[in-house]
Each structure stands twice: as structure tokens, then as C-alpha cells.
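Just so you know, ligand 1 is whichever comes first in the structure, and atom 1 is the first atom listed for that ligand.
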Amino acid sequence: MRKAPSGLTPVFQVQKRAPNSLYQQIYEGYRKAIVDGALRTGQRVPSTRVLALELGISRMPVLNAYSQLLAEGYFESRIGSGTVVSPSLPQRISSPRPATAVKGLNPARRRVSKRSSNLLSARQFRTLRGMGPFNVSQIAFDGFPLSLWNSLVTRHARHAGAWSLDYGDPMGLKDLRNSIAEYLRTARGVRCEAHQVMIVSGSQQGLEITGRVLLDPGDHVWMEEPGYRFAHTVFRFSGCTIAPVPVDAEGLNVAAGIRKCPQARAALVTPSHQYPLGVTMTASRRLQLLDWAESNGSWIIEDDYDSEYRYEGMPVTSLQGLDRNSRVVYIGTFSKVLFPSLRIGYLVVPEDLVDRFLAARFALDIGPATFQQAVLADFIAEGHFARHIRRMRSVYAERRNALIENLGRQFGTAAKVMGADAGMHLSVMLDGICDQQISKRAAQQKLWLVPLSPFYLMKNARQGFILGFGSTSVEEMPSAVHKIRKLLGPRTISSAS
Ligand SMILES: Cc1ncc(COP(=O)(O)O)c(C=O)c1O
């Protein structure tokens, strides 16, 4: 059973001059709090001494009320863990109850912002989460050096002084920003200094801050089509209009963007490994995009979310590194390369905009939480980060190869694999299927096939799946791919070679 928490004093008043006695008031106060669900089964209540002190009364009425509540079974007393609301009370007593019945509420009188109404239901994002093969955005959890990480956590916890309780630097911990700047200059060809690096809680917050600084409601933003849905939500939420621009084998089609929406104030791109198709933006497209941004006075937001792992061809450097006009805001994250619950990402902000970004930061959350930043700074400084990337690159390469091989074996030419050169996912196009339906059925078998079609905003969405291979072992791969084949049924199988 869950350990009884809190020992907090419930809100009820006792009045010394009331007609009923203090004992009765305390007894009634507790009984009502339990029956109304304000106090839940197993929850610890304060000791009689503490309650008497807090209510400013003698201990006797409190003792009497407690012994009555114990006698009637509302309370239970345990040696060593004090007095708790009896865990054996029936579920219908002391269970969570909605404050108001949702059914009776009139939606017309409960107007919320248009921006929030424009968002997709959160349920759509929640359905595809769980442990099992192919979940995109899951890493090789068992490959993370957790005990090493924990030893750094312990070291920091042990040495944390009272000063560590204060607000941290709103841009993020200096040591961490230094390490990130060094890493980005060396491994990603980003032109930056530490003072341009802002630590954020994942690239999602990076997008949010960037959108708030660069764009006004109603501004148009080019988004890759198909593109990252969590980015769609950010820009919708800030009142911007999304202009979907098709992605082809060379990446974002800049000429199509100019034709379609020349007035766009910004373009969001994933040039190293397009999400979700996985293509790498060619040098020519990169230069076209930079030229467009400079001549139009627009911004480029580069989401470089998983470029650490590349399996084919030369390492691709960042688009930001090519920019001579400070038009690019670069966003990176530790969600893929380390682990997503860390919620640490970073922005590299053009020199002249640092102060603006900082002002926006103050408006949003004042600054990032400090503890994990310090742990991460040591993890990088002591060489564990570089070692981890090297080790995981070969783990993921094996998983990726196993996935491609098994897809080939099961589907032959019926499945067109895209975007397998880098990262921890690939896309597989399967014409003539309904990806969303199959994905729902697959989830019942704990198989997480992210359907491709919802990533398109325009008509003519391609059907297929985005398959994460980060958390799927080589041993699991054959049976997991076989399950996909079974789910798709004979029609697709018959076209396999
Ligand atoms: C395109 C893209 N950007 C960024 C991220 C990471 O987001 P965050 O850093 O908020 O975890 C992901 C994760 O799946 C992604 O697919």
C-alpha cells in the first residue's frame, strides 16, 4: 500500500463559543472531510498534539474526537506511522468526486480562448504511449548508464549547499552552456558562444519561446509537409497561421514555399533528419532557404533533434553553421541522445536577440530548474556524454539494420523505407492501407505503429507508419515485424516479393 502521506491539517474551523463542544466540532469536521472526499483513505492526519497547537486549544477535546473517530472506524492508528484515515473504508466513502457534475454545464457559457479550442484533443497524443516495439521517441532505456547517472545525482545532492535553493541563471547553468556551445561548435558546426545558449525544458519549450519572440498572432509560418505535430500545436497555440510546404527528396521545397506563401515570417525545418520522412536537406535547398530568409526579412527555426546518430554518408552539419546573416534560431534537445524525461533542451539565439529571448523567458517561467542541469554538466564534462553517443551509435545501428532487414523479408517491395540514414526512427510507406485504423488495432497488441497520415495538413496524405527502433532490441525485431505483417493482412503480403 502507498505510504500514508502528508499529516496536513484539514480546513475546518473550531469556535470556542459555539453551541456544540470543541470535541464535537473536531469530530464532525473530520467526518465531513472524509465523507466529502477531501481526506482520502490512507492519508495521514496530524498528531493530537500538533492539531491542538494549530487550533490553539487544549489537547483533551482533540484526544476525545480522535478516539471517537478511531472507535467508529474512520481512523486507524499504526505504530510508527501515526494516525491515518482508515484504508478499509468503503471505496464510495472517501473517493475522488468531481467538484461539479460536468454533464450539467452549458458549453456556451464556458468560453475559452480560440487558440486553445484550435488545438487537437490531448487524447490524440496520449493514445500512442506505452512500452513496446516501435514507439517513436523512445530510447534504448536499458542502454543508458543509469547507475553512473545516479552516482552523479547523489554527489550533487550530497554537496548541495543552501545557495543551491536560490533561482538559477535564467539562461541556464553557465558550465552546461559552455559544454553545449563547445559540443555544438565541434560536432554540429554551429557558430555560437555560450552566452547565446539558453537552456529550455525540451525543444518543445524552445519552440514556444522562439515563437513568442519572433512572431505575432496571424503571422504565417512555413512548416514542413508532412511535419512534426507537436510543432504545429505550438504555432497554432500562439495564434500563427501554418503554411504547409511540401517536402521532397531534397527536403523542404523552398520554391514551392515562395509560390504558396511568400509573406511567411518564419520557416521551421528539420534539415538534418526531416521529421517524419527522414530526408536530409541538400546544400542547394539550404542556401535557397537562407537566401529567402535574408531577402524577405524572415526567420529560420532549425530543429536539430536527433542528428547525433548517423549511419550512412558523411556527418551533416547544421544549417545554422551556413548562415552569415544571423537568421537562424537553432534548437537542440537531450531527449533522444540521453533520455526524454530529463526535459532539457537548448536554443542557440542570434547575438542581437539574446536580450529579447531572455525577457520572454522571464515572462514564461523565470528560468530552468537547476539540479539536473548541474548533473548533466558533469556528465558531459567528465566524458560520459561523448562515450555514451559512441556506444549508442552502434546499438542503434544494429537495431536499424535489423528493422530494415526484417521489413525487406516480410514485405519485399511493398514497403518503401525512408529516412533510415540517421536518428532513431524510419518511415515506411504502404500504399492502399488505412494507417490510423491499423495503428489502433496494433496498440491493442502493444505494438506502437505511429500512423503517417496525420502528419500531413493538406489533402493526399501518404499512408504508412513511423517506426521507432530505439527501444526495440535486435532479438525482438523479427517477431515484431511479423506482427505488423499479420496486422496488415493478405493484400499487402501478396504484393511482397
Ligand atoms: C521533430 C522533433 N523535434 C523535437 C523532439 C524532441 O522534443 P523534446 O525535446 O521536447 O522532448 C522530437 C521528439 O520526438 C521530434 O520528433
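- On a distance-only criterion, Y305 and ligand 1 share no N/O pair closer than 3.5 Å.
- Polar contact check, S201 against ligand 1: no nitrogen or oxygen pair lies under 3.5 Å apart.
- At a 4.0 Å heavy-atom cut-off, ligand 1 touches K336 through the side chain alone.
- Listed by number with element, the atoms of ligand 1 under 4.0 Å from a non-hydrogen atom of T333 are 8 (P), 9 (O).
- Atoms of ligand 1 lying under 4.0 Å from at least one heavy atom of Q204, given by number and element, are 10 (O).
- Between R462 and D431 there is a salt bridge, with a side-chain nitrogen of the basic residue lying less than 4.0 Å from a carboxylate oxygen of the acidic one.
- Between the S318 side chain and the R188 main chain, a donor and an acceptor come within less than 3.5 Å of each other.
- Regarding atom 5 (C) of ligand 1, its nearest protein heavy-atom neighbour is Y228 OH, 3.4 Å.
- For Y275, no nitrogen or oxygen atom sits less than 3.5 Å from a nitrogen or oxygen atom of ligand 1, counting backbone and side chain alike.
- Comparing heavy-atom distances from atom 4 (C) of ligand 1 across S341, P340, S203 singles out S203 as nearest.
- Between the side chain of R286 and the backbone N or O of P271 there is at least one donor-acceptor pair closer than 3.5 Å.
- Near G202, with a cut-off below 4.0 Å to any heavy atom, the atoms of ligand 1 are 9 (O), 10 (O).
- In this structure, D355 places its CG atom where only 12 or fewer heavy-atom neighbours from other residues, nucleotides or ligands lie under 6.0 Å away.
- Using a 4.0 Å cut-off between charged nitrogen and carboxylate oxygen, D169 and R177 count as a salt-bridge pair.
- Taking a cut-off of under 4.0 Å to the non-hydrogen atoms of S137, the atoms of ligand 1 that pass are 14 (O).
- Remark: minimum distance from atom 11 (O) of ligand 1 to any protein heavy atom is reached at S335 OG, 2.6 Å.
- Without hydrogens or angle criteria, R155 side chain to N150 main chain gives no donor-acceptor distance under 3.5 Å.
- Here the side chain of Q274 pairs no donor or acceptor atom with the backbone of V247 at under 3.5 angstrom.
- Contact check on E193 versus R185 returns a salt bridge, with a Lys/Arg side-chain nitrogen under 4.0 Å from an Asp/Glu carboxylate oxygen.
- Atoms of ligand 1 found under 4.0 Å from any heavy atom of D303, numbered from 1 in the order shown, are 1 (C), 2 (C), 3 (N), 4 (C).
- Look at Q205 and you'll find every heavy atom at least 4.0 Å from all atoms of ligand 1.
- Surrounding CD of E382 are more than 12 heavy atoms belonging to other residues, nucleotides or ligands, all under 6.0 Å away.
- Nearest to atom 10 (O) of ligand 1 among the protein's heavy atoms is R343 NH2, 2.9 Å.
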